Amino acid sequence: MRWHKRLLVAGVAGVVAMTASACAGGQVRGAGRTPQPSTDTSTGTSTGAAEAPAAKANDATFVYAPNLDVVTDWDPASSYSNEIIAMSNIYEGLTRYDAGARKPMPRLATEWSSAAGGKEWTFKLRQGVKFHTGAPLDAEAAKKAIERTMKLNAGAAYIWGAVKTIEAVDASTLKFTLKYAAPLDLVASSGYAAYIYDTAAADKLKDGESDAGTGPYTIDTWQKGKETELTLKAFDGYWGGWKPEQYRKVAFRVTPEITTAWQLLQKGEVNFVPRLNPQLFAQAGTTEGVQTSQKASFQNLLVLFNTASGPTKDVKVRQALQLAIDYDGLVAALKGAGTKASGLVPEGLLGHVQGMEPKQDLARAAELLNAAGYGQDLEELKLTMTYAQGDEDQKLLVTLLSSTLKKLNVTLQAKPMAWNAQWDLGKKKGQDIFVMYWYPDYPDAYSWFLNVFKSADKPQFNLSYLKNAEIDKAIDALPQLSATDALAADQAYADLQKKIIQEQAAVAAPYVQTYQRALSATVQGYTDNPAYPNVVFFYDLKPAG
């Protein structure tokens, strides 16, 4: 049920005075923190587990201010929504992606290797790790967790699609045999469906009273629907140990109105607001007691055109619509909250193509519409469009595009909708243009192509309804290429983007979002990691003083 994830993407933006949703993460500390293990970043190996020092704990609470419900699903196998923020601090995977180094780093696995051309992967597990249930982590426990996630086949379980068998070679060695070559170290760093958990307790997690992770924090209280919905507390047996200055308590205070969240931040009642609108973000930069963070993300806006039916079935109409979008004007109006896209794949990921920035060309758009039988002296073209209700950035796109198309004798009937309703209509092919955000489950461009552009008899997120056997074949080859030949994979991604955007004109990608955060000036250690949407890794932070 991939729609849960879209709640995070579209829903965070659905607040008055708030611009589009922002997803981000926190700081990666390689394989540990206290003391820091020695890590060979060239091989992904780490040695030495940390021991917890006996010291007086910091009693400060870090307060995060989300605008939506914190948890929709407590099961680490099927979780696929806003709870990634909390879950990433309760659960861990074999690896964690380091956006700075652009590669996975050790987490529950200290080292790994691949063989047989990327079809065999062996992970060495960290010693001395315990689940919050008290059970020890070993290879058999990790095997059971991944197999359960695969069996349930919910959320983002598709990330394990290449796995044929998993073997617990010994207590600390996990071996994967794949059906085809895939970058399993990258897959294992996914923000969804890659958690290692105690399967013996998995069926008891629905009420949020307990968890089965290995992370630094465990559930303290969960009160669904309350303002302070969730609190976390330090897990004393955490393998990384604890220093006195670290935050041992975390609270999630749900604050729907962004202006209210901003006021609470200034008063010191909350420590982190994940997104401000451009005006408030500018104000935050000059406000005493507040610091800001701005970083490019892996999340972009997609304008999907119906390739299967209606007037947009004509490729000339789709190409005209691409050319009608005022890309420069849109980015300028975002005032730093977005940068112009170049292709489908954001910068920082394999497959990003430079020189594919879209440009508005109204003269050429008019020519194409005329060739399709529409225009100033021809038949009026009426198009239906759906976008996220309450999303100010998407509304801005609609306003600019509607005004432009009017000049070309095209009427855009744009309807803001709640995500579930928009998606239900989209699956029925009920609109000409569908607007949504996309970001990858793990830091790989494959997600855009597999989920959004591969042929589907019953569309889920292929909401352009594109069906092309040649494109499908190229998409299927991507995981193996990524695992065995990065140069060839990069070229394959470039070719696919040209086919989908230029030849098929199935989509326009106007911009990539820029994360704009505001947090207390006293918080030290925060770094955005776009691989983990909206996540703050609280263990990496400490209050000043």
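Along the sequence shown, residues are numbered consecutively beginning with 1. This structure is a prediction, so every number in the text was calculated from the model and none was measured.
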Lys NZ or Arg CZ of [X] over [Y] ring: under 6.0 Å, within 45°:
X: R96; Y: F537; answer: yes
X: K224; Y: W222; answer: no
X: K415; Y: Y387; answer: no

Closest heavy-atom pair and its distance - N306, T312: O-OG1, 2.7 Å

Atom of V315, atom of E503 and distance for their closest heavy-atom approach: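 Heavy-atom minimum between the residues: CG2-O, 3.6 Å.
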
Plane angle bin for Y493 and F449 - parallel if under 30°, tilted between 30 and 60°, otherwise perpendicular: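 Judged by the thresholds at 30° and 60°, the geometry between F449 and Y493 is tilted.
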
Using a strict cut-off of less than 4.0 Å between a Lys/Arg side-chain nitrogen and an Asp/Glu carboxylate oxygen, indicate whether [X] and [Y] qualify as a salt bridge.
X: E269; Y: R253; value: yes
X: K467; Y: D457; value: yes
X: K340; Y: E357; value: no
X: E367; Y: R364; value: yes
X: D476; Y: K454; value: yes

Gap separating the CG atom of L369 from the CG atom of N409, nearest 0.5 angstrom: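 Answer rounded to 0.5 Å: 9.5 Å.
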
Atom [atom1] of residue position [X] - does it have more than 12 heavy atoms of other residues, nucleotides or ligands inside 6.0 Å?
X: K499; atom1: NZ; result: yes
X: Q354; atom1: CD; result: no
X: K427; atom1: NZ; result: yes

With D441, the side-chain hydrogen bond (donor to acceptor under 3.5 Å, both in side chains) member among Y192, Y158, Y446: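 For D441, the side-chain hydrogen bond (donor to acceptor under 3.5 Å, both in side chains) test succeeds with only one of Y192, Y158, Y446, which is Y158.
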
Polar side chain donor-acceptor pair, T231 to T221, under 3.5 angstrom: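 Short answer, yes.
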
ring-ring contact (aromatic ring centres under 6.0 Å, His included) between W423 and F461, worked out: CA-CA 8 Å; W423 191 44; F461 288 98; 5.2 Å; yes

